[in-house]
Amino acid sequence: MVKVRFAPSPTGYLHLGGARTAIFNWLFARHNKGRFILRIEDTDRSRSTEDSIQEILEALVWLGLNWDEGPYRQTERMEIYKKEAQRLLEEKKAYYCYCTPQELEERRKKALEGGRMPQYDGRCRGKTGAREGINPVIRLKVDQEGETVIHDLIKGEVVYPNSQLDDFILVRSDGTPTYNFVVVVDDALMGITHVIRGDDHLNNTPKQIQLYRALGYEPPQFAHVPMILGPDRARLSKRHGATSVLAYREEGYLPEALFNFLVRLGWSHGDQEIFSKEELIRYFSLENVGKSPAVYNPDKLLWLNAHYIKTGETERLAKLLVPFLAREGLIREGAETDMGWLCRVVDTLKERSKTLKEMAQMAAFYFREPREYDPKGDRKFLKPQVLPYLEALVQELEKLDDFSEEEIERTFNRVLERFGIKLKHLAQPCRVALTGKTVSPGIFEIVSVMGKEAAISRLDKAIKHIKAKPEA
RNA sequence: GGUCCCAUCGUCUAGCCCGGUUAGGACACCGGCCUCUCACGUCGGCGGCAGGGGUUCAAAUCCCCUUGGGACCGCCA
């Protein structure tokens with residue numbers, strides 16, 4: 001059975017690259033009816049935080065990436081690593097090294113200056129003598145002869161000369177295991193069949209393969225996914241702005257939009273752009289993952305988000321919108337909201353919102369009357385000439401009991417006929433009067449949704465405003 | 001510096017494995033239509049095989065080189 005894992009290190013939030021790796025693993029597991037395991041790589045105690053773990057879990061849940069096992073934490077598995085390290089020591093496949101970090105740093109610097117490879121020279125390999133006052137590290141005896149071949153499911157066959165490898169550290173001087181050690185032990189012991197990860201790990205793979213062999217475990221299949229790059233073609237990072245998954249939630253993105261966007265960064269299925277989760281599970285294959293890195297394209301994400309808002313279920317969107325409305329100060333946090341009415345609001349806005357945040361901003365006029373009129377709209381549409389139209393409209397609206405869109409349209413038409421004018425001559429002044437702006441959803445919709453009282457009071461206010469103009 | 005990876009419109013990509021396409025789609029951009037504004041929708045446009053050598057009747061596709069970009073070379077992961 002296929003078994004894959006996502007293994008983030010909790011030293012920060014879940015970023016887009018990590019999220020995509022998680023998505024690929026998840027899809028691969030679901031497609032193959034295998035298991036998806038979550039493992040927290042927290043062996044770096046100084047940089048790992050509990051907050052970070054919680055944030056990562058929350059982001060995964062938000063994206064809908066449910067896991068079948070875990071989350072395991074490596075800090076809870078220390079005994080296992082200790083035992084494995086001891087075994088390697090006993091089998092003479094690993095040894096203690098008493099070189100100090102300072103010494104190593106110095107040698108590294110010298111090597112770099114001399115144009116040589118900055119790698120450990122293996123000087124403690126044969127020695128048994130401990131140095132006083134120094135806690136040793138444990139290093140693996142790496143075979144530097146020949147080459148290591150990786151049969152990568154994405155990159156193909158990759159050959160490394162073993163002369164590039166050095167005796168890397170398995171256990172630090174404080175007794176904690178390093179990444180390259182625990183990742184191998186865990187993947188082996190957890191029965192991981194496919195390691196799908198960023199191709200920044202490709203260079204670590206030959207080392208890890210040697211470690212698998214030393215431990216007597218069969219290496220898994222590897223699949224190295226190309227990186228996500230920023231607009232400057234450097235690896236995507238905080239420098240490029242919001243790269244945290246949860247930040248996208250705060251900005252009003254839908255999880256399915258981000259999911260769809262991320263999966264298409266590097267993977268494709270012919271010409272199709274929009275995928276449901278079911279389709280992705282059905283179609284996903286490592287063979288269709290590209291080899292070249294992808295540049296992050298926020299415009300496309302925005303387009304996808306707009307698509308999912310447009311086609312999303314209104315009730316769900318309304319619920320999701322509430323916190324954004326609160327943030328805009330349009331409703332009070334925790335206050336009762338008339339969801340039926342809010343659904344009507346959302347229905348008028350979902351066709352034209354790219355994010356929930358934008359939707360909340362566009363919804364402002366439903367919640368409060370315009371504080372001021374858009375200067376251009378005021379000048380162009382709130383002119384004395386339109387006074388009779390607006391006054392007639394108010395009179396007609398007063399008579400209405402049924403404030404449905406259809407009735408409102410009929411009402412507008414009566415006014416248009418009376419004056420022999422076109423809709424645009426009434427709609428625009430009306431729009432500015434009701435919303436303060438020259439752009440909004442359809443005029444009949446907004447009149448209907450804001451209701452009789454609000455509509456009439458705002459029209460009256462605009463009428464007074466026009467009358468107060470000097471030229472009136 | 002060494003090793004490894006990568007290279008189709010500005011961006012994401014199909015096509016490459018199994019040579020013969022007017023090199024296809026999507027985002028963005030520009031224009032038309034629709035229309036009460038905006039948006040949606042729709043129609044059209046702009047725009048690409050990094051360069052050079054081979055192999056071949058024929059190369060985006062196969063081979064080599066160059067160039068460009070990226071990653072790793074940590075008691076980080």
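Note: hydrogens, waters and symmetry copies are ignored here, and every other heavy atom, side chains too, is used. All chains are named by letter (A, B, ...) in the order of the sequence lines, taking the proteins before the strands, and each is independently numbered beginning at 1.
The residue from A:F275, A:Y283, A:F259, A:F28 that alone fulfils the ring pair (Phe, Tyr, Trp, His ring centres under 6.0 Å) condition with A:W267 is A:F275.
Side-chain atoms of A:E273 come within donor-acceptor range of the base of B:G25, with a qualifying N/O pair under 3.5 Å. Evaluation of atom-type donor-acceptor distances gives no pair under 3.5 Å for the side chain of A:R352 against the base of B:C40. Contact of A:D199 with B:A71 (side chain to base): no donor-acceptor pair of N or O atoms is detected under 3.5 Å. The base of B:A77 sits within donor-acceptor range of the side chain of A:N204, with an N or O pair under 3.5 Å. Evaluation of atom-type donor-acceptor distances gives a pair under 3.5 Å for the side chain of A:S173 against the base of B:C75.
Note on residues 138-180 of chain A: pairs passing ring pair (Phe, Tyr, Trp, His ring centres under 6.0 Å), not counting sequence neighbours, are A:Y179-A:H201. Applying the salt bridge (Lys or Arg N to Asp or Glu O under 4.0 Å) test to every pair with at least one member in residues 154-178 of chain A, sequence neighbours left out, gives these pairs: A:R125-A:D167, A:K155-A:D199.
Dashed line: the shortest gap from a side-chain N or O of A:R264 to OP1 or OP2 of B:A26 is not under 4.0 Å. At least one side-chain nitrogen or oxygen of A:T43 sits closer than 4.0 Å to the OP1 or OP2 atom of B:A77.
Ring geometry for A:H307 against A:W303 counts as tilted: the plane angle lies between 30° and 60°, on a 0 to 90° scale.
Residue-level contact check: A:H201 touches the bases, meaning some heavy atom is under 4.0 Å from a base atom. A:C97 comes within 4.0 angstrom of nothing in the nucleic acid, heavy atoms only. Using a 4.0 Å heavy-atom criterion, one finds that A:R47 contacts the bases of the nucleic acid, with or without backbone contacts as well.
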Close N/O contacts between protein and nucleotides 64-69 of chain B (under 3.5 Å):
none

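When every heavy atom of A:S244 is checked against every heavy atom of A:Y13, the shortest pair comes out as CB-CD1, 3.3 Å.
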